[in-house]
Amino acid sequence: MLTLKLPDGSVRQVAEGTRPRDVAASIGKRLAQAAVAAKVNDKIVDLDSELPAGNGETSFQILTDKDKEALAVLRHSCAHIMARAVLRLFPGAQLAFGPALENGFYYDIDAPTPIREDDFPRIEEEMRKIVAESEPFERFERSVDEARELVRDLGQGYKVEHIDDDLKQYPSLSFYRQGEFIDLCRGPHIPHAGKVGAIKLLSIAGAYWKNDSSRRQLQRLYGTAFFSQKDLDAYLHQIEEAKKRDHRLLGKQLKLFTISQAVGSGLILWMPKGATVRGILEGFIKDELLKRGYQPVYTPHIGRLELYRTSGHFPYYRDAQFPPMYFRPAAGALDLAQWRLSAGHLAPEKERALKDFMDQAHFKVPGYEQAKNDEDRLEAVHRQVIKLLATMGIDLPDYHKATTAAERAKALLGWLEQQEGFLLKPMNCPHHIQIYKAEPHSYRDLPVRLAEFGTVYRFEQTGELSGMTRVRGFTQDDAHLFITPEQTEAEVGANIDLVLFVLSSLGLNDYRVRVGLRDPKSDKYVGKPENWQKAEQTLIDLVKSRGMNYSAEEGEAAFYGPKIDFVVRDCIGREWQLGTVQLDYNLPERFDLEYIGNDNSAHRPVMIHRAPFGSMERFMGILIEHFAGAFPLWLAPEQARVMPVSERFRDYGEKVENELKANGFRVHGDYRPEKIGYKIREAQLEKIPYMLVVGDKEQSAGTVSVRDRVDGDLGAMPLVDLIQRLNEEVKERRIRQVSTASADLTDRGAQFGD
RNA sequence: GCUGCUGUAGCUCAGCUGGUAGAGCACCUCAUUGGUAAUGAGGAGGUCUCGGGUUCAAGUCCCGACAGCAGCUCCA
C-alpha cells in the first residue's frame, strides 16, 4: 500500500501501481474530468503513470486547468500537436526539439520546403482538427537500440543523432504516440488533445541545431496555447499593452533619444529630455560614490593598441571591436590580413570581403590568388607588405635574413606590434590601471576606488543591436577597485549593497541575480584554478549571506573572473544584464600591479570591476519601460508645466513659472493661444507630473490649480504649499507609478524537453 | 554573423491584379481668449531607404546593398 498526502492535508491509502487517473476518480467525478496531470512528490507525471513504490508519505496533487504547471504540460503537448500538423502538411519534415516555454512553446523543424508565416493559418487549422479529434497521448518505452531503430524508421535523423549524442546512457527511452504521430519525448503530456482550448502560432525564426552556430540552422516555430480562448485573448491583449511601453517607441514619442543613420547604427543620440534624466541619474550615483570612498577620474576615449594587447582585450575580442587605427596604411592592411587569415577558418565570403578591401585600398597581392592555403596566402601578403614598406624607406633586416616562412612572419609581426596604433577603448580598466600605476601604493592606501562615467565602444554584431539596450557606444558608470586579497569580501559585499541600493531607489524590484561561474570544460578562462575556486566561493557566500535568491550559472563568468550580475526583463520579456560586480585576478597579473604590504615586500592586488547601472544607455532603456515613460518627479525632464486658461493670465503664469524655477524645479509654461483642455491633453501625453492651471481665480488668490498626472485635479493651493509638496516628493525620490507586466515570448526556462 | 519579415511626409499608416502619390496627427498662417484629455478655417510638406534590372511605363515585379523588427548565435 501507498500513503498519499493530498493538498488539503488529508491522507489516502492506495495500492502500488495505482494511476493518478484512478485516484482522481475516487475523489470525485468532476475532478477526474478536470484532471490534466498529477504532481507526485513534486514531480509532474501523466495521469496514466503508475504511482511509484515509496516508503513514507507520498505527496499527491491532481493538476487541473487552474494550475500553472498544468498549462506547461498543455503547451508541451501543443508542441507535439503542431509538429504533427506540420508533418501532415510538410511530409518529410525533420523534428528537433519542442519544449514548453513560460508563455508558450516552440518546435525546431527542418522542413524540405521552408515554412512561412503565410502557412500559419493552415497549420493552425490542421492543429484544430487534431484537437477536435481528442485522441489520447499514449506513452511507451523502448531500449536505446530499439528507440534508435524506431526514430530511424520514422525518418527522424535529428532524433537519431540526439540519442547517439546524449541519451545513450539511459536504460530506456520514452515515446508518446498520438494517432499516427510518434515522438521521442520525456513527457508528461495531457491525457488527450481535447484539453486544448485555444492555440495560436506566433512567429517563426531561425535556431541552430543544439544551439551551436556551426551547425545546421532550423526553423523554430513559436506558438502559445491556453485552456480557454478567453485566456488566450487576455494574453494577446497583455502583449499589445506591454509593447506600448517599448523604450524605442516611448523614446521617440517623448523625445528622449534618437538614432541617426548619419551617425551610425547602435550609437545613441541623447536628446535634451533624455540627457536631463541621465544627468540626474549620474548626479545621484556620483553623490553615492563620494559617500562610499570613491575617487573620480577622467580618461580618454582611445588608447594605444599595446595597452589593449597587454590587457588581452584587443586579441581576445578582436571581431567585436571597431577596427584599430594605425598611422601606416600598410600596418592596417597587414593587421587585417593577419587577423582574417590566421584565424584559420576563413569562410569563402569572408575571404572575398578581405580581397575586396585590399582591392579598394589598392593593395594588390601578387600570388594571393594562386596560393593553395591560408599559410601561402599569408606569406604572399607578407611579401607585399615588405615591398610596400621598402617604398616608404622602411627596411626589415630580420625579414630578409630569415630562412623559413615562420621566421619571416615573426619578423613582420614584430614590426607590426611596434607600429603606433590606437583603439577606441572597449573597456575602461586599462586606463584606470595606468592611474593606479602612476604612483606607488602601500597596503595602507588600499582599497583604491577609481570611478568614471567611461564611454566604451564595441562593434556588436548587426543582429544584436536593439534600441538602447544593445548598442555600439555606451557609457558605463564604471569603477575599478584595487584591493588586498583580504579586502575581497568586504568590498564585493559593499558593491552588492550599492547595486541593491540603486535598484531599490528606482523601484526596480523585478530582477534576478546571477552568479556567473566558469565552465570547467572550456579553455577560454585565464588564471589559476585555485584563484577561481576561491573567488567563486566568495561570491556565492556573499549572496547567500544576504539571503538573496540567485542562480549560479556555469559558463557565465567573464574570461578573467567570476561575477555577480543583476538581470532584468524588458517589455517583451528579454533579459538584460544591468548592474554587475566582477572579480579579477588576471589584469593585476598582466599589468604587474603591486602594493607594498606590512612586511615591506611587494604584493599583487586584486581588482573589482563594477557598474551598478551597467551602462547609462541600457539602464535608461529599461527605466523608460519600467516607468512607461512616466518618470517620477525627481527624474522627470519637465516636472511641471504652467498653463494659463487664456492669454490674459500669461503674466501671472510667468510669475508662477519663475518662482518655481527659482526654487530649482524644471518648469515650462504653455502660453499658446489654445484651450486648456488641449494643453492638458498634451501635457498628459508627455507624462508631465504636474500641470498647473492658472486663471482669474488663481491670480486674485495667489494660488495655482494643481492637476496631478496620476490623480487628476487636486484643486487650488497656495504656491508655497505646492513648492513644499514638490520638494518633499523630490527629496524622498518618491515613486508613484511603475509598470511591471511583461509579455514574455522568449523565456528559455523550458520545463520539459523532448 | 545566421534565418525570416519589413522599409511611402516629422510620426502612425493607406495605396487593388504595374499607368509618374493620399489620410490623420504634428508643423506654419489666420480667426477664436477659453476652466481640467483634441476650437475652426486655410497652407506648406514626399529622389516612395539606396543602387541596378524587367517593362512603352515601377511606390507596386526581380536582384543587390543598407537599415529596422523577431528569434538564434555572441556579449569584456
Side-chain angles (χ1 to χ4, degrees), chain A residues 106 108 114-118 202-222 243 246 248-249 252-253 255 258-261 264-266 308 311-314 316-317 319-321 347 349-350 425-430 456 458-467 470 476 478 516 524 556-561 563 565 572 574 576-577 580 582 584 586-587 609 611 643-650 672-686 691-698 705-709 712-716 745-746 748:
Chain A
Y106 69 77
D108 286 345
I115 301 166
R116 295 155 41 85
E117 288 200 18
D118 297 348
L202 296 172
S203 65
I204 193 161
Y208 299 103
W209 168 232
K210 300 212 168 184
N211 291 337
D212 180 348
S213 59
S214 68
R215 299 208 208 206
R216 180 124 191 214
Q217 192 161 34
L218 314 169
Q219 290 189 290
R220 177 167 295 177
L221 268 66
Y222 284 92
K243 280 183 181 167
D246 192 316
R248 291 164 296 192
L249 201 69
K252 195 180 272 180
Q253 278 169 11
K255 298 189 169 77
T258 187
I259 297 169
S260 158
Q261 288 322 308
S265 298
Y308 287 98
S311 73
H313 293 109
F314 178 58
Y316 194 93
Y317 290 106
D319 54 359
Q321 283 163 2
E349 62 271 23
K350 284 196 177 162
K425 69 176 169 185
M427 287 277 273
N428 299 305
C429 32
V456 297
R458 299 175 184 175
F459 196 79
E460 304 288 0
Q461 304 184 99
T462 50
E464 298 304 339
L465 297 175
S466 180
R470 191 80 184 263
Q476 297 172 314
D478 210 358
K524 81 170 201 179
E556 288 295 326
F559 75 93
Y560 50 69
K563 55 179 184 161
D565 292 329
I572 53 175
R574 286 181 296 206
W576 303 99
Q577 171 199 315
T580 182
Q582 314 184 347
D584 183 0
N586 174 48
L587 285 180
H609 309 235
M643 36 188 84
V645 293
S646 98
E647 278 181 303
R648 291 194 289 122
F649 308 106
R650 178 173 185 140
R672 295 172 302 171
E674 296 290 349
K675 292 171 112 168
I676 193 66
Y678 182 83
K679 293 180 186 179
I680 284 172
R681 176 183 152 81
E682 227 166 57
Q684 195 78 45
L685 290 174
E686 287 178 53
M691 287 151 274
L692 309 175
V693 178
V694 293
D696 201 14
K697 282 178 291 184
E698 291 78 8
S705 281
V706 180
R707 186 186 163 94
D708 180 274
R709 176 179 66 192
D713 193 355
L714 302 180
L745 300 175
T746 61
R748 294 188 200 165

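Chain A is the first sequence line, chain B the second, and so forth, proteins listed ahead of strands; every chain is numbered from 1. On a predicted model such as this, the values are computed, not experimentally measured, just so you know.
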Chemist: A:Q461 has a side chain; which of B:rU32, B:rC74, B:rU36 sits nearest to it?
Modeler: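 Side chain of A:Q461 sits closest to B:rC74.
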Chemist: Partner of B:rC74 by Watson-Crick or G-U wobble geometry, both contacts under 3.5 Å, or none?
Modeler: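 In the structure as shown, B:rC74 has no Watson-Crick or wobble partner.
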Chemist: Using the side-chain heavy atoms of A:R707, tell me which of these nucleotides is nearest: B:rC75, B:rG4, B:rA37.
Modeler: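 For the A:R707 side chain, the nearest candidate turns out to be B:rA37.
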Chemist: Using a heavy-atom cut-off of under 4.0 Å over every strand shown, decide if A:A320 touches base, sugar-phosphate, or nothing.
Modeler: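 It contacts base atoms.
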Chemist: When you match A:K524 and A:E674 each to their closest nucleotide on RNA chain B, which lands nearer the 5' end?
Modeler: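 So the residue in question is A:E674.
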Chemist: Roughly how many Å apart are B:rU60 and B:rU6, using the C1' atom of each and rounding to a whole number?
Modeler: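 It works out to 15 Å between them.
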Chemist: For the base of B:rC2, is there a side-chain donor-acceptor partner from A:Q217 under 3.5 Å away?
Modeler: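 Counting by modelled atom types and ignoring angles, a donor-acceptor contact under 3.5 Å is found here.
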Chemist: What I want to check is whether an N or O donor and acceptor connect the side chain of A:E698 with the base of B:rG35 at under 3.5 Å.
Modeler: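 Side chain to base: pair found, below 3.5 Å.
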Chemist: Using a cut-off of 4.0 Å on non-hydrogen atoms, how would the nucleic acid contact of A:K697 be classed: base, sugar-phosphate, or nothing?
Modeler: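 Since a base atom lies under 4.0 Å of A:K697, the category is base.
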Chemist: Give none if B:rU6 has no partner; otherwise give the nucleotide forming a Watson-Crick or G-U wobble pair with it, both distances under 3.5 Å.
Modeler: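 Its partner is B:rA67.
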Chemist: Base, sugar-phosphate, or nothing: which does A:E686 touch, judged by heavy atoms less than 4.0 Å apart?
Modeler: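 No contact.
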Chemist: Give none if B:rU47 has no partner; otherwise give the nucleotide forming a Watson-Crick or G-U wobble pair with it, both distances under 3.5 Å.
Modeler: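 By the stated definition (distances under 3.5 Å), nothing pairs with B:rU47.
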Chemist: Reckon A:S203 has a side-chain N or O less than 4.0 Å from the OP1 or OP2 of B:rG71?
Modeler: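 No.
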Chemist: Quote, to the nearest angstrom, the P distance that separates B:rG24 from B:rG64.
Modeler: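 Per the computed distance, 39 Å lies between those P atoms.
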Chemist: Whole Å only: how far is the CG atom of A:D246 from the P atom of B:rG68?
Modeler: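 For the pair A:D246 CG and B:rG68 P, the rounded distance is 14 Å.
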Chemist: To the nearest 0.5 Å, tell me how far A:I204 CD1 sits from A:I115 CD1.
Modeler: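 If I round to the nearest 0.5 Å, the distance is 5.5 Å.
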Chemist: When the P atoms of B:rA14 and B:rU49 are considered, how many whole Å apart are they?
Modeler: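 The answer is 14 Å between these two P atoms.
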Chemist: So with a 6.0 Å cut-off around CZ of A:R216, is the heavy-atom count from everything else above 12?
Modeler: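 No, the 6.0 Å shell around CZ holds no more than 12 heavy atoms from other groups.
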Chemist: Enter the distance from A:Y560:OH to A:C429:SG here, rounded to the nearest 0.5 Å.
Modeler: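 Rounded to the nearest 0.5 Å, the OH-SG separation comes out at 6.0 Å.
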Chemist: On RNA chain B, check which nucleotide each of A:Y316 and A:L218 is closest to and give me the residue with the more 5' one.
Modeler: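 The residue mapped nearer the 5' terminus is A:L218.
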Chemist: Would you say B:rA70 has OP1 or OP2 under 4.0 Å from some side-chain N or O of A:R248?
Modeler: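 Affirmative; the distance criterion is met.
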Chemist: Which whole-number value in Å describes the distance from A:D319 CG to B:rC2 P?
Modeler: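 After rounding, the gap between these two atoms is 14 Å.
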Chemist: Check every strand shown and say whether A:S646 touches a base, only sugar-phosphate, or nothing at a heavy-atom separation below 4.0 Å.
Modeler: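 It contacts base atoms.
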Chemist: Is it true that, when you exclude A:K524 itself, more than 12 heavy atoms of the residues, nucleotides or ligands shown sit nearer than 6.0 Å to its NZ?
Modeler: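 Yes, enclosed.
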Chemist: Quick one: which of A:E674, A:R681, A:E682, A:K675 gives a side-chain hydrogen bond (donor to acceptor under 3.5 Å, both in side chains) with A:Y678?
Modeler: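 The single option meeting the side-chain hydrogen bond (donor to acceptor under 3.5 Å, both in side chains) with A:Y678 is A:E682.
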Chemist: For B:rA76, does OP1 or OP2 lie under 4.0 Å from any side-chain N or O of A:Y317?
Modeler: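 The answer is yes; a side-chain N or O of A:Y317 sits under 4.0 Å from OP1 or OP2.
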Chemist: Can you tell me, in whole Å, how much space there is between the P of B:rA76 and that of B:rG4?
Modeler: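 It works out to 29 Å between them.
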Chemist: Please check the phosphate of B:rG71 (OP1 and OP2 only) for any side-chain N or O of A:R574 closer than 4.0 Å.
Modeler: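 So the side chain of A:R574 is within the cut-off, an N or O lying under 4.0 Å from OP1 or OP2 of B:rG71.
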Chemist: Can you tell me how far the CE atom of A:M691 sits from the CD atom of A:E686, to the nearest 0.5 Å?
Modeler: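 Spacing of CE (A:M691) from CD (A:E686) equals 10.5 Å.
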Chemist: Between B:rC74 atom C1' and A:Q577 atom CD, what is the distance in whole Å?
Modeler: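 Roughly 14 Å, once rounded to whole Å.
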Chemist: Which nucleotide in the list B:rC11, B:rC2, B:rG35 gets nearest to the side chain of A:K252?
Modeler: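 Among B:rC11, B:rC2, B:rG35, the one nearest the side chain of A:K252 is B:rC11.
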Chemist: Which nucleotide sits closest to the side chain of A:Y560: B:rU33, B:rA76, B:rU36?
Modeler: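 Minimum distance to the A:Y560 side chain belongs to B:rA76.
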Chemist: Take atom P in B:rG43 and the same atom in B:rA23, then report the distance between them in whole Å.
Modeler: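 Comparing P positions in B:rG43 and B:rA23 gives a spacing of 11 Å.
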Chemist: Send over the distance from A:M643 CE to B:rU36 P, rounded to a whole Å.
Modeler: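 It works out to 13 Å between those atoms.
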Chemist: Distance check, rounded to the nearest 0.5 Å: A:Q219 atom CD versus A:R116 atom CZ?
Modeler: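 It comes to 10.5 Å.
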Chemist: Compare the minimum distances between each of B:rU39, B:rC72, B:rG68 and the side chain of A:Q261, then state the nucleotide with the smallest one.
Modeler: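 My answer, after comparing the listed nucleotides, is B:rG68.
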Chemist: Please pick, from B:rU36, B:rC75, B:rC72, the nucleotide with the shortest atom-to-atom distance to any side-chain atom of A:R470.
Modeler: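 Nucleotide nearest to A:R470's side chain: B:rC75.
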Chemist: Determine the Euclidean distance between corresponding P atoms of B:rA26 and B:rC72; express it in Å to zero decimal places.
Modeler: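 Comparing P positions in B:rC72 and B:rA26 gives a spacing of 39 Å.
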Chemist: Taking only the side-chain heavy atoms of A:S265 (C-beta and beyond), determine which of B:rG35, B:rA76, B:rA67 contains the nearest atom.
Modeler: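 Of the options given, the side chain of A:S265 lies nearest B:rA67.
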Chemist: Taking atom P in both B:rC61 and B:rG15, what distance in whole Å separates the two?
Modeler: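 Straight-line distance between the two P atoms is 12 Å.
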Chemist: Figure out the CG/P separation between A:N211 and B:rC2, and round it to whole Å.
Modeler: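 In whole Å, B:rC2 P and A:N211 CG are 19 Å from each other.
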Chemist: Which nucleotide wins on minimum distance to the side chain of A:E647, given the candidates B:rU33, B:rA76, B:rA37?
Modeler: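 Of the options given, the side chain of A:E647 lies nearest B:rU33.
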Chemist: Apply salt bridge (charged side-chain N to carboxylate O under 4.0 Å, His left out) to A:D212 and A:K210, showing your working.
Modeler: CA-CA 5 Å; A:D212 180 348; A:K210 300 212 168 184; over 6 Å; no
Chemist: Which nucleotide, in any strand shown, forms a Watson-Crick or G-U wobble pair with B:rA37, with both distances under 3.5 Å?
Modeler: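 Check on B:rA37: unpaired, no WC or wobble geometry under 3.5 Å.
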Chemist: How many angstroms lie between CD in A:E460 and CD in A:Q321, if you round to the nearest 0.5 Å?
Modeler: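 Reported to 0.5 Å precision, the distance equals 10.5 Å.
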Chemist: Report which part of the nucleic acid A:L465 touches: base, sugar-phosphate, or nothing (heavy-atom distance under 4.0 Å, all strands).
Modeler: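 The residue A:L465 makes sugar-phosphate contact but no base contact.
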Chemist: Which base sits across from B:rG42 as a Watson-Crick or G-U pair, both distances under 3.5 Å?
Modeler: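 Across all strands, the one nucleotide that pairs with B:rG42 is B:rC28.
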Chemist: Need one value for A:G677: base, sugar-phosphate or nothing, where a base atom within 4.0 Å counts as base even if backbone is also close, heavy atoms only.
Modeler: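 Answer is sugar-phosphate: A:G677 comes under 4.0 Å of backbone atoms only.
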Chemist: Specify the separation, in whole Å, of atom CD of A:E682 and atom P of B:rA38.
Modeler: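 To the nearest whole Å, that distance equals 12 Å.
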Chemist: Tell me what A:S311 touches on the nucleic acid: a base, only sugar-phosphate, or nothing, going by heavy atoms under 4.0 Å.
Modeler: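 Touches nothing.
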Chemist: Among the candidates B:rG35, B:rA76, B:rA37, find the nucleotide nearest to the side-chain atoms of A:V645.
Modeler: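 Looking only at heavy atoms from C-beta outward on A:V645, the closest nucleotide is B:rG35.
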Chemist: Any donor-acceptor pair under 3.5 Å joining the side chain of A:Y678 to the base of B:rG34?
Modeler: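 When only heavy-atom distances are counted, A:Y678 does not reach the base of B:rG34 through any donor-acceptor pair under 3.5 Å.
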Chemist: How is A:I680 classified with respect to the nucleic acid when contacts are heavy atoms under 4.0 Å: base, sugar-phosphate, or nothing?
Modeler: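 Base contact.
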Chemist: B:rC2 P sits how many Å from A:D212 CG, rounded?
Modeler: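 Checked: the CG to P distance equals 16 Å.
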Chemist: What distance, rounded to whole Å, do you find between the two P atoms, one in B:rG45 and one in B:rC28?
Modeler: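 16 Å, rounded to whole Å.
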Chemist: Name the pairing partner of B:rC56, where a pair is Watson-Crick or G-U wobble with both distances under 3.5 Å, or state none.
Modeler: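 Base-paired to B:rG19.
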Chemist: From the set B:rG34, B:rA76, B:rA70, return the single nucleotide nearest to any side-chain atom of A:I572.
Modeler: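 It is B:rA70.
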Chemist: Using a cut-off of strictly less than 4.0 Å, decide whether A:R116 has a side-chain nitrogen or oxygen near OP1 or OP2 of B:rC5.
Modeler: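 Indeed, a polar side-chain atom of A:R116 lies that close.
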Chemist: Any donor-acceptor pair under 3.5 Å linking the side chain of A:Y316 with the backbone of A:S311?
Modeler: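 Not a single qualifying donor-acceptor pair exists.
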